A.B. asks: 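Dropping a structure here in structure tokens format, bear with me for questions.
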2 protein chains.
Amino acid sequence: MVNKLHHSSNCADCNCKASIFKNLSPFEISLINSSRFKVSYKAGEIIFKQGTPSPYFVCVTSGLAKIYIEGYGKNLILALIKPVDYIFGPGIYVDNRHYYSASAVEDCQACLVDVNIFKKLIRENADFAEEFIKRVSLQSIFNFDQVISLTQKQMHGRIADVLFYLSDKIYCQNPFELTISRQDLADLSGMSKESAIRILKEFKEEGILTLAGNALEILNPKQLRQISETG
Amino acid sequence: MVNKLHHSSNCADCNCKASIFKNLSPFEISLINSSRFKVSYKAGEIIFKQGTPSPYFVCVTSGLAKIYIEGYGKNLILALIKPVDYIFGPGIYVDNRHYYSASAVEDCQACLVDVNIFKKLIRENADFAEEFIKRVSLQSIFNFDQVISLTQKQMHGRIADVLFYLSDKIYCQNPFELTISRQDLADLSGMSKESAIRILKEFKEEGILTLAGNALEILNPKQLRQISETG
DNA sequence: TACATAAATTGATATAAAACAATTTTTCCG
DNA sequence: CGGAAAAATTGTTTTATATCAATTTATGTA
């Protein structure tokens with residue numbers, strides 16, 4: 001999806017703003033704008049760290065980021081965050097701490113907004129609150145699918161799931177340029193980096209996909225779907 | 001925890017009501033009461049089924065229930081539900097469908113409340129909405145810990161986690177009567193029933209716990225904690 | 001453009017856990 | 001109380017995946 005994003009100096013004019021804000025009035029938008037920090041991150045940089053305080057709501061306006069739990073010597077990537085989407089950790093309503101980390105996969109830009117402004121708007125605008133709860137619910141549902149994939153499918157099924165996620169939800173095209181590393185692919189599918197590489201090679205050898213460097217094309221989505229569904 | 005629960009014929013008088021309702025006015029409580037169905041379930045009965053519509057918010061007032069995802073030939077138990085707690089699936093705000101099933105582990109009773117009443121109260125009572133979002137957030141955090149346990153720990157660590165969950169959060173005592181089946185223990189810790197039984201046996205042989213029938217006592221919580229923490 | 005470093009890949013071995021089958025114990029119902 | 005069915009347990013084999021090490025390829029910087 002070649003979507004030329006351009007940024008404005010304020011939220012009202014910005015056509016990068018996340019669709020969650022569609023229910024906000026111009027005044028409410030100006031409240032957000034008044035507390036907004038616009039920041040750039042280079043690929044590899046940490047946006048926030050698990051365990052640290054979470055005073056900001058993060059809106060990714062360009063590039064690609066990942067949110068991941070730092071577990072027992074390895075990471076589990078919960079999701080990739082593409083523009084324009086936001087990161088709102090559950091710690092905001094619990095104890096103001098981050099329960100996962102976020103970092104830039106590609107160079108990206110983000111707007112950071114004071115969470116208290118956000119919570120105030122949730123309290124005062126019922127449509128906004130409902131939209132927010134809906135999105136939290138969608139995230140839960142996505143996580144359910146993810147945990148079932150991780151715990152009940154074998155490696156081929158898990159890689160198939162991740163390839164569809166990347167093609168349909170992140171890059172939104174086929175073929176696509178795989179901008180995440182092999183390690184990140186492994187961290188998304190809950191396996192070692194070597195295993196992930198081996199499965200990709202097998203899929204290539206079986207003609208399910210092509211992979212040259214980072215250029216990947218799914219050639220046989222039907223077969224890949226079958227692999228996804230049988231685990 | 002020997003907590004003698006008794007039921008009243010209405011929500012206002014009921015001292016079984018879930019603490020999430022503490023922010024509701026008597027009038028709001030009466031709205032809930034006006035749409036309440038009180039139902040009994042025998043052990044093993046389905047409370048609701050994954051994939052079906054979800055018109056009710058379920059408040060478990062006695063007994064024990066489980067919520068679980070029916071995956072690829074096996075179940076993954078997300079949580080046990082003890083009194084007084086409620087079950088509010090994410091499908092309520094997405095498409096009115098259940099994304100997991102619930103069933104009674106022990107004989108239990110539940111009050112079913114029209115979700116539209118619930119959503120109306122969320123729209124109209126900002127304190128109630130905030131409390132609700134906080135609890136959804138706590139569930140997310142719990143699920144994060146669960147998925148890390150399931151994907152990054154070996155079986156001993158996972159059983160240790162589940163034993164602490166049962167002792168600290170469900171039965172709230174040590175020793176306790178293990179009222180869930182071996183299969184359920186396995187479904188909570190993402191392993192086969194035979195593996196779960198073997199690990200319990202090993203912990204018994206190592207003096208970490210005693211287990212006679214369903215009477216279980218954790219003898220060495222420090223060592224069990226270490227097993228949990230190292231995976 | 002060359003070189004150093006990082007990432008990707010490949011090969012071989014070890015370990016963790018599932019699967020399968022059989023036996024024993026417990027529970028529940030008539 | 002007895003018997004059938006279900007649950008729990010045990011033993012053995014198979015399968016899935018990680019781990020470890022070495023090699024090759026790609027990237028980035030000087």
Side-chain angles (χ1 to χ4, degrees), chain A residues 42-45 66 71-76 103 105-107 148-162 177-205 209-216 227 230-231, chain B residues 42-45 66 71-76 103 105-107 148-162 177-205 209-216 227 230-231:
Chain A
K42 288 186 183 310
E45 287 184 338
K66 68 186 177 186
Y72 294 82
K74 41 187 161 174
N75 295 341
L76 177 69
S103 69
V105 170
E106 300 172 7
D107 290 353
I148 289 297
S149 179
L150 292 173
T151 57
Q152 298 193 5
K153 294 185 184 184
Q154 295 183 345
M155 296 194 297
H156 292 75
R158 303 207 305 270
I159 290 284
D161 287 341
V162 166
E177 193 75 7
L178 189 63
T179 56
I180 70 172
S181 68
R182 297 319 189 242
Q183 183 61 58
D184 280 352
L185 186 71
D187 289 347
L188 257 171
S189 46
M191 65 181 66
S192 74
K193 172 196 59 179
E194 294 91 340
S195 297
I197 288 168
R198 280 190 240 275
I199 305 291
L200 283 181
K201 181 184 180 185
E202 282 183 40
F203 283 170
K204 186 177 167 186
E205 285 172 348
L209 57 81
T210 65
L211 179 58
N214 281 341
L216 192 152
I227 293 169
T230 56
Chain B
K42 287 186 183 312
E45 288 183 339
K66 66 187 178 185
Y72 294 82
K74 40 186 161 173
N75 297 340
L76 176 70
S103 69
V105 170
E106 302 171 8
D107 290 353
I148 289 298
S149 178
L150 291 172
T151 57
Q152 296 193 6
K153 293 185 183 184
Q154 295 184 346
M155 295 192 299
H156 291 77
R158 303 207 305 272
I159 289 286
D161 287 342
V162 166
E177 192 77 7
L178 189 63
T179 56
I180 70 174
S181 69
R182 298 318 189 245
Q183 183 60 59
D184 280 351
L185 186 73
D187 290 347
L188 256 172
S189 46
M191 65 181 66
S192 75
K193 173 195 62 179
E194 295 90 342
S195 296
I197 288 168
R198 279 190 243 276
I199 305 291
L200 283 181
K201 182 184 179 183
E202 282 182 40
F203 283 169
K204 186 177 166 185
E205 287 173 347
L209 57 82
T210 66
L211 179 59
N214 281 341
L216 192 151
I227 294 169
T230 56

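As the structure is a computational prediction, the values presented were derived from the model and not from experiment. Letters A, B, ... are given to chains in the order of the sequence lines, protein chains preceding strands, and every chain is numbered from 1.
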A.B. asks: How long is the straight-line distance from CG of B/L185 back to CD1 of B/I199, given to the nearest 0.5 Å?
C.D. replies: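 These two atoms lie 10.5 Å from each other.
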A.B. asks: If you define the side chain from C-beta out and look only at heavy atoms, does anything of A/H156 sit under 4.5 Å from A/E202?
C.D. replies: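 With C-beta onward as the side chain, the pair touches.
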A.B. asks: Nearest-Å distance, CG (A/N214) to C1' (C/dA6)?
C.D. replies: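 Rounded to the whole Å, the gap is 14 Å.
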A.B. asks: Take the protein atom CD of B/E202 and the nucleotide atom C1' of D/dT10, then report the distance between them rounded to whole Å.
C.D. replies: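 Between C1' of D/dT10 and CD of B/E202: 13 Å.
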A.B. asks: List the atom of A/V105, the atom of A/T179, and the distance in Å for their closest heavy-atom pair.
C.D. replies: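 Looking at all heavy atoms of both residues, the shortest contact is CG1-O, 4.0 Å.
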A.B. asks: Working to the nearest 0.5 angstrom, can you tell me the gap between B/K153 NZ and B/I159 CD1?
C.D. replies: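 That separation rounds to 12.0 Å.
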A.B. asks: Assign each of A/Q154 and A/S181 to its nearest nucleotide of DNA chain C by heavy atoms, then name whichever residue's nucleotide is nearer the 5' end.
C.D. replies: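 Result: A/S181.
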A.B. asks: Identify all pairs in which a protein N or O lies below 3.5 Å from an N or O of nucleotides 10-12 of chain C, and state each distance.
C.D. replies:
from   : atom 1 : to     : atom 2 : distance (Å)
C/dT10 : OP1    : A/K201 : NZ     : 3.3
C/dT10 : OP2    : A/K201 : NZ     : 3.4
C/dG11 : N7     : A/R198 : NH1    : 3.0
C/dG11 : O6     : A/R198 : NH2    : 2.8
C/dA12 : N6     : A/R198 : NH2    : 3.2

A.B. asks: Could you give the NE2-to-P distance, from B/H156 to C/dA17, as a whole number of Å?
C.D. replies: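 Checked: the NE2 to P distance equals 8 Å.
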A.B. asks: Send over the distance from A/R158 CZ to D/dA16 C1', rounded to a whole Å.
C.D. replies: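 From A/R158 CZ to D/dA16 C1': 10 Å.
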A.B. asks: Given D/dA18, is OP1 or OP2 found less than 4.0 Å from the side-chain N or O atoms of A/S195?
C.D. replies: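 It does, given that an N or O in the side chain of A/S195 lies less than 4.0 Å from OP1 or OP2 of D/dA18.
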A.B. asks: May I have the distance from A/L185 (atom CG) to C/dA8 (atom P), rounded to whole angstrom?
C.D. replies: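 Spelled out: CG on A/L185 to P on C/dA8 is 10 Å.
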A.B. asks: Return the value, rounded to whole Å, for the distance between atom NZ of B/K193 and atom P of C/dA19.
C.D. replies: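 B/K193 atom NZ is separated from C/dA19 atom P by 12 Å.
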A.B. asks: If every non-hydrogen atom of A/I227 is compared with every non-hydrogen atom of A/A160, which pair is closest and at what distance?
C.D. replies: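 Result for this residue pair: CG2-CB, 4.1 Å.
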A.B. asks: Let me confirm one number: the NZ-CG distance from A/K42 to A/D107, rounded to the nearest 0.5 Å.
C.D. replies: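 So the NZ of A/K42 and the CG of A/D107 are separated by 6.0 Å.
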A.B. asks: Which part of the nucleic acid, if any, lies within reach of B/S192 when heavy atoms closer than 4.0 Å are counted: base, sugar-phosphate only, or nothing?
C.D. replies: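 Here B/S192 touches the backbone only, sparing every base.
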A.B. asks: Reading DNA chain D from 5' onward, which residue's closest nucleotide shows up sooner: A/M191 or B/L211?
C.D. replies: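 Taking each residue's closest nucleotide, the earlier one in sequence belongs to B/L211.
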A.B. asks: Could you measure the distance from the CG atom of A/L178 to the CG atom of A/L200? Nearest 0.5 Å is fine.
C.D. replies: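 A/L178 CG to A/L200 CG: 7.5 Å, rounded to 0.5 Å.
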A.B. asks: What is the distance from CE of A/M155 to C1' of D/dT15, rounded to the nearest Å?
C.D. replies: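 A/M155 atom CE is separated from D/dT15 atom C1' by 11 Å.
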A.B. asks: Atom CG of A/D184 and atom C1' of C/dA7: how far apart are they, to the nearest Å?
C.D. replies: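 Rounded to whole Å, this separation is 12 Å.
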A.B. asks: At under 4.0 Å, does any side-chain N or O of B/R182 touch on OP1 or OP2 of D/dA6?
C.D. replies: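 Answer no for this pair, as no side-chain N or O of B/R182 is under 4.0 Å from OP1 or OP2.
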